[in-house]
Protein chains: 2
Amino acid sequence: MLRHSLLVPALFVVGFTFAISLFSPTIASAEDAEVQTLGLLLFEDFEILDACGPLEVWGNLKSKVRVVTVAAKKGSISSAQGPALVAEFGYDDCPKLDMLLVPGGLGAFQTLKDAATLEFLRKRSAEAKLTMSVCNGASLLAAAGLLDGRPATTNKAYWKQSTAPGPQVKWVRQARWVDDGNVVTSSGVSAGIDMTLHVVERLYGPATADRLADEIEYERHRDADWDPFAEKNAKPKGRKRS
Amino acid sequence: MLRHSLLVPALFVVGFTFAISLFSPTIASAEDAEVQTLGLLLFEDFEILDACGPLEVWGNLKSKVRVVTVAAKKGSISSAQGPALVAEFGYDDCPKLDMLLVPGGLGAFQTLKDAATLEFLRKRSAEAKLTMSVCNGASLLAAAGLLDGRPATTNKAYWKQSTAPGPQVKWVRQARWVDDGNVVTSSGVSAGIDMTLHVVERLYGPATADRLADEIEYERHRDADWDPFAEKNAKPKGRKRS
């Protein structure tokens with residue numbers, strides 16, 4: 001009777017293990033599904049810190065986010081500062097994106113005229129959970145019609161030129177970033193780092209965001225309304241890039 | 001006599017113009033010489049913001065600085081965060097460098113063992129007017145013997161591991177950056193932006209540094225001793241990259 005009484009739990013364990021083995025591919029897929037794919041748009045003369053500030057943060061969160069780079073055609077894409085980043089994908093072979101990140105830079109003004117890029121933004125933003133821009137990356141989102149009727153911000157030094165493609169956008173003049181749910185836009189260049197840490201905090205909690213900021217020895221601006229550059233960069237000063 | 005009296009100054013003007021024309025190539029060269037070539041070292045798994053924070057600043061100062069990227073072999077070099085930068089030159093065809101910038105990252109620890117990189121750093125640093133490092137880029141300079149007997153800093157989260165290659169270095173535990181004349185080292189990752197703006201101020205004056213900071217909407221840390229991360233990142237916390 002002792003041997004019979006052990007048989008029932010033994011069969012249960014064997015059956016349970018077998019059932020688990022059948023489901024294990026499903027479990028693995030569920031884990032994979034938690035890793036979100038973030039696509040960084042690249043175009044000639046993008047601003048290097050617009051792209052690489054947020055990339056530093058997202059790229060250190062590998063258990064949750066996979067970063068991919070995409071441009072009209074895959075390959076080397078020069079920044080406005082000179083050095084080039086590599087676009088791993090073209091518009092035609094880019095994987096599904098859960099998050100979309102659009103940097104700015106002097107090249108963004110030229111890219112406004114590119115129908116393929118605007119179409120890519122419209123399509124991929126509709127599929128993504130979250131669309132983000134840095135600096136006049138917002139001009140590209142605006143030109144694609146993705147900001148119509150919504151609050152958004154952009155850089156303060158080229159405010160007039162950057163907001164022009166979005167007459168229907170509720171532009172916010174003083175803001176480090178504007179969080180409008182599934183679209184988050186930041187002010188110029190370095191503001192992208194603060195916006196990214198804000199989004200990480202929203203998605204994964206303050207402890208994760210603070211740990212990532214400490215790792216890169218970065219003192220966060222935590223207030224979305226903090227923006228001395230709205231006034232500082234307002235006056236035309238014959239600014240030039242040299 | 002009137003015609004004769006005009007002849008002397010006329011000949012003077014012709015002679016002067018001719019003399020100037022002889023010297024004009026020299027003048028042009030002198031102007032060219034004012035554009036300094038800054039070389040950014042790249043290696044597999046470099047930290048992307050260590051490189052691209054300073055690049056953002058130097059790359060916006062095109063009338064004074066030409067940025068080039070260099071690695072053991074030219075081509076695509078992946079960052080620790082994933083995306084790759086393009087190295088335009090290899091060690092064998094890299095142009096003369098006036099300034100040398102060495103980022104850190106997890107890949108720097110592996111690169112410590114690479115004799116060709118240490119030799120490249122020794123040779124190019126000796127020729128350059130200024131050598132700079134960000135984060136544990138200082139470990140590479142230390143391993144090359146370039147920091148022996150000199151004050152320097154590095155990142156605070158990996159302090160023990162980062163300072164190990166430099167037992168003869170006067171490591172400064174609390175510092176955003178350390179300026180030791182022709183060698184300037186910064187603390188971790190984002191500190192490279194503050195160090196760069198400090199160096200720009202030293203070389204080109206405060207108005208230029210402030211203009212560049214405002215353009216990228218960056219609030220500078222101006223105090224080289226500001227460093228909350230010396231204490232914050234001191235405790236081992238089972239830190240991991242995810």
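Quick note: numbers below take in every heavy atom, side chains included, and nothing from hydrogens, waters or symmetry partners. Naming: A, B, ... by sequence-line order, numbering from 1 per chain. This one's a predicted model, so the numbers in the text were calculated from it and none came from an experiment.
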Determine yes or no for a side-chain-to-main-chain donor-acceptor pair under 3.5 angstrom, with A:N233 supplying the side chain and B:D214 the backbone.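 The answer is yes, because a donor-acceptor pair under 3.5 Å joins these two groups.
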Contacting moiety of [X], where chain A heavy atoms sit under 4.5 Å:
X	answer
B:T69	side chain
B:E88	neither
B:N155	both

Using a cut-off of 6.0 Å, state whether more than 12 heavy atoms not belonging to A:K96 lie near its atom NZ.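 Enclosed.
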In terms of heavy-atom pairs under 4.5 Å with chain A, which of B:S78, B:S187, B:A191 leads?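 Going by pairs under 4.5 Å, I would pick B:S187.
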Are [X] and [Y] side-chain neighbours, meaning at least one heavy-atom pair lies under 4.5 Å?
X	Y	answer
B:E215	A:V189	no
A:K232	B:E217	no
B:V86	A:L85	no

Closest-packed option against chain B by number of heavy-atom pairs under 4.5 Å, given A:G188, A:C52, A:S76: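 Top count of heavy-atom pairs under 4.5 Å with chain B: A:G188.
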Measure the spacing between [atom1] of [X] and [atom2] of [Y] and express it to the nearest 0.5 Å.
X	Y	atom1	atom2	answer
A:L55	B:S79	CG	OG	7.5 Å
A:L49	B:L49	CG	CG	6.5 Å
A:Y218	B:I193	OH	CD1	7.5 Å
A:I48	B:N60	CD1	CG	10.0 Å

Which heavy atom of A:E219 sits nearest to which heavy atom of B:F229, and what is that distance?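 Answer, listing the atom of A:E219 first, then B:F229: N-CZ, 4.1 Å.
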Contact part of A:R66 toward chain B, heavy-atom cut-off under 4.5 Å: side chain, backbone, both or neither?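 Looking at A:R66, nothing touches chain B.
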